[in-house]
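Just below is one structure, and these are the notes that go with it.
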Amino acid sequence: MVNMINRAVVAAFFISNIVLGFVLTETTASDQTPSVIIVGAGMSGISAAKTLSDAGIKDILILEATDRIGGRIHKTNFAGLSVEMGANWVEGVGGSEVNPIWTMAKNLKLKTYHSDYDNLSSNTYKQKGGLYKKSVAQASLDRADEATTFSTNLSLSLSVHRDEDISVLAAQRLSNHVPSTPIDMAVDYYGNDYEFAEPPRVTSLQNTRPLPTFTNYGEDVYFVADPRGYESVVHFVAKQFLTTNNASLITDPRLKLNKVVREIRYSRSGVIVKTEDGSIYRAGYVMVSTSIGVLQTKLINFQPDLPSWKIMAMYQFDMSIYTKIFLKFPYKFWPTGNGTEFFLYAHERRGYYTIWQQLEMEYPGANALLVTVTDDESRRIEQQPDSATKAEIMKVLRDMFGNHIPEATDILVPKWWSNRFFKGTFSNWPIGVSRYEFDQIRAQVGRVYFTGEHTSEHYNGYVHGAYLAGIDSANMMINCIKKKMCKFQNLPKGT
Ligand SMILES: Cc1cc2nc3c(=O)[nH]c(=O)nc-3n(C[C@H](O)[C@H](O)[C@H](O)COP(=O)(O)OP(=O)(O)OC[C@H]3O[C@@H](n4cnc5c(N)ncnc54)[C@H](O)[C@@H]3O)c2cc1C
Ligand SMILES: *[C@@H]1O[C@H](CO)[C@@H](O)[C@H](O)[C@H]1NC(C)=O
Ligand SMILES: *[C@@H]1O[C@H](CO)[C@@H](O)[C@H](O)[C@H]1NC(C)=O
Ligand SMILES: *[C@@H]1O[C@H](CO)[C@@H](O)[C@H](O)[C@H]1NC(C)=O
Ligand SMILES: *[C@@H]1O[C@H](CO)[C@@H](O)[C@H](O)[C@H]1NC(C)=O
């Protein structure tokens, strides 16, 4: 139980609890350590908690809505295979700096596979079947690469003022390349939506080109396929400060699962956090790590309301949706071997089952495919029965490979958007949000602090972003608790 700090806090809580209709029995502080409640046990919440713990702030309580830690890093059993419904790749490997998640993956000896997209030109299918000629597909890929280089150059030449930002689509127009044929749209979808899960029309040029993940950590991406799951990186961090039993399960009483936070009351002297099951917890500070999608709903009621600058910043950012559909078949009817892992399907409807991955390397003999959809297609698919999605996919596969192919025996369609604890998959930086407003998303409000991938200074949307954001947000809180430096240091507008 998190203890109260001093009498003043007790008095404040007493008043609040009368309002809540609860009678509080007065307790006294057992020590002078300021206490912290962390909402959410995904990568960022666990990383923040560890950072606090390392700084000697061990009087913490982690409240997690689901029955597990890991959040958006979540393995599941799919027809006997351990697959990732959420994050799958360590992105940003092989560069001048080392991605901290890559270090953890190496440490854990996680099974990872380099993703090689170099041979897409030989693996791009027409809407009605058959491959495009290599030269035709290569020309489309080259044209997209040129437009990307142009856009990156343009982005670097723009000043950081919001009124100078443009969408990725506007940059494409300026480079005289607006993809409009099925193959150009498939290649464009691969280059943009497959990474950001929103179309070029939406995405900010300035804040995604160049992308710090790839410029700092390297261009390589590694697909995690390990029975322990990608989530073992979260367990790896958690076990460095939470007690475990001899079966390596976390038994620390400071982690409480199945605790859905519904209300956060904050005042100058402390915070009161109320969960759906009627429990009430008190602390000096709270660190909220839920996704920006969750923050844009009323799942958590802040009392008093968060200030309007905070709400305006939070509600302008985007929570995108990226759906990884796994399928299993009685036998393989697709090419295997080097340079065949990834293939594209070019349809007149942009983003219609465009990106395919055959998983023979990762799951040999399993006859498994992964197809990715995003954004509006994800919303549509989440609302229909999986049988309807499977029928659509079978039609696409028959168009690509012919009518003789076998029916899929299993399908997995993760539904992140409909889930009230996530409301999507990862943040994407939309046009119209300046760096100044982005920093306001991270800024604390009194004793309420924020973390999560969407608060990462350079790496929003990624596992490493969540990890580093947890450290940064915790350090801001530590500065306040230990050095009384409690004011958020926002850079002046337009710098
Ligand atoms: C489908 C998908 C694919 C992705 N692919 C990649 C990838 O390949 N590579 C990569 O680097 N990143 C990828 N990401 C992004 C990456 O997973 C996230 O950036 C990261 O895991 C987010 O961690 P977080 O701690 O910020 O948030 P979360 O993991 O969302 O953690 C927040 C926690 O808060 C809990 N919570 C929510 N509401 C409440 C409440 N009211 N009370 C208590 N607890 C609450 C949630 O259950 C959750 O556990 C992907 C994500 C998804 C979903
Ligand atoms: C982008 O900038 C680089 C370096 O300044 C230059 O060599 C290249 O030609 C530019 N490319 C485009 C497409 O503008
Ligand atoms: C620890 O391990 C031993 C033997 O493996 C077992 O008998 C015991 O019950 C375990 N204790 C706990 C607390 O899990
Ligand atoms: C596939 O590529 C690997 C690594 O580049 C190589 O060692 C192997 O010989 C290749 N296999 C075939 C069948 O070409
Ligand atoms: C590229 O893909 C084609 C078609 O699947 C395949 O035949 C070829 O071996 C691949 N080339 C390389 C270099 O891997």
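Numbering of ligands and ligand atoms starts at 1, following listing order. Counting begins at 1 with the first residue of the sequence. The shown structure was predicted, so the numbers you read here are calculated from the model rather than taken from an experiment.
One finds a salt bridge joining Lys332 and Glu360 here, because a Lys/Arg side-chain nitrogen approaches an Asp/Glu carboxylate oxygen to under 4.0 Å. Checked for salt-bridge contact, Arg380 and Glu377 meet the test: a charged N lies under 4.0 Å from a carboxylate O.
Inclusion of Trp89 in the set of residues having an N or O under 3.5 Å from an N or O of ligand 1 is warranted. Annotation: Glu453 places an N or O atom under 3.5 Å from an N or O atom of ligand 1; distance criterion only.
The aromatic ring centroids of His454 and Phe317 lie 6.0 Å or more from each other.
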query: Hey, mind stepping through Tyr190 and Phe342 against ring pair (Phe, Tyr, Trp, His ring centres under 6.0 Å) and telling me if it holds?
result: CA-CA 11 Å; Tyr190 155 70; Phe342 296 94; 8.3 Å; no
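Comparing heavy-atom distances from atom 12 (C) of ligand 5 across Leu131, Asn119, Asp118, Asp116 singles out Asn119 as nearest.
Scanning the protein heavy atoms around atom 48 (C) of ligand 1, the nearest turns out to be Glu64 OE1, 3.5 Å. In terms of protein heavy-atom proximity, atom 16 (C) of ligand 1 is nearest to Val463 CG2, 3.9 Å. Atom 34 (O) of ligand 1 has as its closest protein heavy atom Gly40 CA, 3.2 Å.
In terms of heavy atoms, Trp356 sits closest to Leu369 at CZ3-CD1, 3.9 Å.
Only the side chain of Asn123 comes within contact range of ligand 5, with a heavy atom under 4.0 Å; no backbone atom does.
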